[in-house]
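Written below as structure tokens is the structure these notes are about.
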Amino acid sequence: MSAITTRSAAAAASRRGELAAFLRLRRERLTPEEVGLPGGPRRRTPGLRREEVAQRAGVGVAWYTWLEQGRAINPSVQVLDAIARALVLGPEERAHLHRLAGVPGAVGCPPARHHPLPPEAHTMQTILDSLSPLPASMVSAGYDVLAFNDAYAALDPRMELLAPSDRNVLWRIFTADEESQPLVDWEREVSFMVGQLRAEFGRRLTDPRWRGYIRKLSEASPLFVELWSRHEVSAPVTHRKQFRTADGRTVAITATGFTTTAVPDAKMWVYTPADQDAVRVIGELLDRYREIGAAGLVAAGAGREAEG
């Protein structure tokens, strides 16, 4: 067997394993009552039974069992859609199901993670700078922070203090100590972001850089391992979040993502203040940042905590 054939077989086996885990976890999260089935007192496992999913999807129980076991079978688009309906999958989960099953034409993405902003996309920095005082950044599919403006640095100065190759949102969140954690409701936020990462990973299952990235996060954080094992998938959406500033204040913002032709594998995220208090705090932080820089903001914040 040639090296190419071996790699192809390994990639197919990896994809089938991801598909099997995804189907099993989606089945286990559904209750019979949610799909109009009687619960009954004798259920020994969570969620629906395999035969119930097979019946709802109109496929054979043995065939569906093989699919959940990661066997080498090739379901059609129609069958996958029937399974998606049986498991009450949302649009992003359905697309993820198609990618894991290797459906021809399933939407994919370029495999690379970006470090740093590609040379042809330097005009994006000009756009980011023009958005100040709104914090804004360019973030890759793998959560690498490719570029940002002064307002973003003022909101999270510790990100600027990292080397460009280390500026990754998920790595920062999963390895930060409690004092330097930038998100207030961070468990909800990281669950949402890991769901997006899982969806992006489904487009790049054979990319060794992505597999190494997931392995690095797993080795660094037991919480990441726990969230990753859920196989939840989500899509980027406009949402409200709260930041904890370097000086200990809380800022509520609305995060809105935009795709660009300059860096198609990344999104521009713009943070709009949620209220007048957020407008004031961001303005004060931006003025202070331009006066003393990122290190100064972090040091001043540490001094306030020591005094308190």
[X] vs [Y] side-chain heavy atoms within contact, under 4.5 Å:
X	Y	value
Pro273	Leu134	yes
Met138	Ile127	no
Asp166	Trp171	no
Met159	Pro182	no
Arg26	Glu232	yes

State plainly whether the residues [X] and [Y] are in salt-bridge range, i.e. N to O under 4.0 Å.
X	Y	value
Arg280	Glu284	yes
Arg204	Asp265	yes
Arg244	Glu189	no
Glu92	Arg99	yes
Arg288	Asp247	no
Asp185	Lys241	no
Glu219	Lys216	no

Under 3.5 Å, is there a donor-acceptor pair between the side chain of Ser229 and the main chain of Glu226?
yes

Would you say Val184 ends up clustered with Val298 if hydrophobic residues are merged whenever their side chains have heavy atoms under 4.5 Å apart, either directly or through other cluster members?
no

Holding to ring-ring contact (aromatic ring centres under 6.0 Å, His included), I want the full list of residues that pass it with Tyr289, two or more places apart in sequence or in another chain.
none

Mind telling me whether [Y] and [X] have parallel, tilted or perpendicular rings, with 30° and 60° as the class edges?
X	Y	result
His239	Trp269	perpendicular
Phe243	Tyr271	tilted
Phe224	Trp228	parallel

Would you say CH2 of Trp63 has more than 12 non-hydrogen atoms from neighbouring residues, nucleotides or ligands within 6.0 angstrom?
yes

